[in-house]
There are 2 protein chains.
Amino acid sequence: MVVEIDGMQESNLLTTLEDIGLRKTSARVAVTAQIENTSDSFTAEQLCRDLPYVGRATVYRTIRHLVDAGALCKLPILDGAPMYSIARVEHHHHTICTKCGSVGEFRHTTVERVMRSLEKEIDGRITGHRMEIFIICSKCLAE
Amino acid sequence: MVVEIDGMQESNLLTTLEDIGLRKTSARVAVTAQIENTSDSFTAEQLCRDLPYVGRATVYRTIRHLVDAGALCKLPILDGAPMYSIARVEHHHHTICTKCGSVGEFRHTTVERVMRSLEKEIDGRITGHRMEIFIICSKCLAE
DNA sequence: TGATTAGTTGAAACCTAGTATCATTTAAAA
DNA sequence: TTTTAAATGATACTAGGTTTCAACTAATCA
Ligand SMILES: [Mn+2]
Ligand SMILES: [Mn+2]
Ligand SMILES: [Zn+2]
Ligand SMILES: [Zn+2]
């Protein structure tokens with residue numbers, strides 16, 4: 001069963017940073033607010049353009065903190081900069097529209113069950129997995 | 001059922017290039033031979049280091065031709081350069097050892113079946129998918 | 001409250017991975 | 001052979017990101 005995960009839940013990235021023991025600074029307020037107001041996924045460079053008064057280094061550092069803390073997903077894009085999106089649930093996978101780049105999150109119980117069954121069959125110890133489904137999203141199909 | 005795919009089958013990357021209509025040049029002979037003699041996966045920079053007499057531009061161009069032709073897999077590594085490996089079967093997935101970086105290829109019938117079943121459930125039209133399983137390989141576990 | 005201090009910032013320099021340019025060379029057809 | 005379009009590779013450039021470090025500031029403390 002596919003469970004699509006969407007929209008604006010409480011996330012407060014700033015609190016995540018404070019919980020790690022980092023200071024509440026104006027740069028961090030600006031970066032986290034911008035991310036939370038961007039309902040879609042984004043790249044680091046987009047964030048830099050949206051926040052011209054925050055230094056590049058700080059934008060990148062803040063993103064890294066949030067990824068390390070598990071509050072942001074970093075997903076590799078084969079040609080180009082990785083995309084980031086707020087991680088609303090612990091473990092999930094992504095749909096990526098190859099036309100417009102929009103990213104969706106979902107969980108799939110059968111996939112997870114299959115993964116667990118693989119542990120007996122794969123040579124070595126499984127420590128994790130990643131899955132992306134490439135789509136043309138309904139919005140792009142409608143055009 | 002997991003089908004692990006391994007070892008040295010006939011692949012002749014050079015022939016792939018000629019089949020696309022590209023000329024047989026000494027640079028292309030060198031690059032394809034080096035790839036075929038590297039039984040493991042590799043990065044573009046590794047290949048450049050192994051072939052100091054072939055220009056960087058040519059190494060990158062040759063890799064791109066081979067990827068476009070489907071003879072090489074390009075797989076994204078979250079921090080760093082993508083890895084390449086010879087594509088021995090049409091569609092497959094990868095295991096990546098997070099310790100030594102070695103890449104394995106496998107097919108999994110159940111995963112593919114699940115993918116097809118997802119088409120009804122995901123919003124949009126599915127055009128493809130990607131899956132990587134992160135492992136500590138048996139070689140690294142043995143150390 | 002103001003003094004202290006360790007954490008934070010951001011301009012600039014740097015780095016890695018990869019692409020574009022273009023004069024020279026070469027494969028392959030004629 | 002001669003011809004010529006394709007290929008090469010040195011060099012310059014770009015994108016994405018990190019390091020450095022002097023200046024700044026948030027949080028703690030007297
Ligand atoms: Mn999963
Ligand atoms: Mn598959
Ligand atoms: Zn789309
Ligand atoms: Zn390993």
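Order of the sequence lines fixes the chain letters, A, B, ..., with proteins taken first and strands second; residue numbering starts at 1 for each chain.
Comparing C/dA11, D/dG9, C/dG18 by their closest approach to the side chain of B/V54 singles out D/dG9. Considering only the side chain of B/R64, C/dT19 comes nearest among C/dT19, D/dG17, D/dT8. Set against D/dA5, D/dA10, D/dG17, the side chain of B/R23 has D/dA5 as its closest nucleotide.
Atom CG of A/D68 is separated from atom P of D/dT18 by 11 Å (rounded to the nearest Å). One can place CE of A/M83 at 15 Å from C1' of D/dG16, the figure rounded to the nearest angstrom. Atoms CZ (B/R49) and C1' (C/dT16) sit 11 Å apart, rounded to a whole Å. Rounded to whole Å, atom P of C/dA17 lies 14 Å from atom CG of B/L47. To the nearest angstrom, P of D/dG16 lies 13 Å from CD1 of A/I63. Atoms CZ (A/R61) and C1' (D/dT20) sit 10 Å apart, rounded to a whole Å. Atom CD of A/Q46 and atom C1' of D/dG17 are 16 Å apart (whole Å). A/L22 has its CG atom 11 Å from the P atom of D/dA27, to the nearest Å.
In the interface, the side chain of B/R56 is not paired with the base of D/dG9 through any donor and acceptor atom under 3.5 Å apart.
Under the 30°/60° scheme for interplanar angles, the aromatic rings of A/F106 and A/H93 are found to be tilted.
Each of B/H91, B/H92, B/R107 was checked for a side chain to side chain donor-acceptor pair (under 3.5 Å) with B/E112, and the lone residue meeting it is B/H91.
Within a 6.0 Å sphere centred on NZ of B/K74, heavy atoms belonging to other residues, nucleotides or ligands number more than 12.
Using a 4.0 Å cut-off, no side-chain N or O of B/R28 falls inside it from OP1 or OP2 of C/dA27. An OP1 or OP2 oxygen of D/dT18 is reached within less than 4.0 angstrom by no side-chain nitrogen or oxygen of A/Y60. A close approach under 4.0 Å does not occur between any side-chain nitrogen or oxygen of A/S26 and OP1 or OP2 of D/dT25. OP1 or OP2 of C/dT9 has at least one side-chain nitrogen or oxygen of A/T25 nearer than 4.0 Å. The phosphate of C/dG10 (OP1 or OP2) has a side-chain N or O of A/T58 nearer than 4.0 angstrom.
Atoms OG and CD, from A/S41 and A/E105 in turn, are 9.0 Å apart once rounded to the nearest 0.5 Å.
Map B/G21 and B/D79 each onto its nearest nucleotide of DNA chain D; the residue landing nearer the 5' end is B/G21.
Nucleic acid contact for B/A27: sugar-phosphate only, since backbone atoms but no base atoms lie under 4.0 Å from a heavy atom of the residue.
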Report task. Output, in order, the C-alpha distance, side-chain angles, deciding distance and verdict of salt bridge (charged side-chain N to carboxylate O under 4.0 Å, His left out) for A/E119 and A/R125. Result -> CA-CA 7 Å; A/E119 295 192 13; A/R125 190 166 58 76; over 6 Å; no
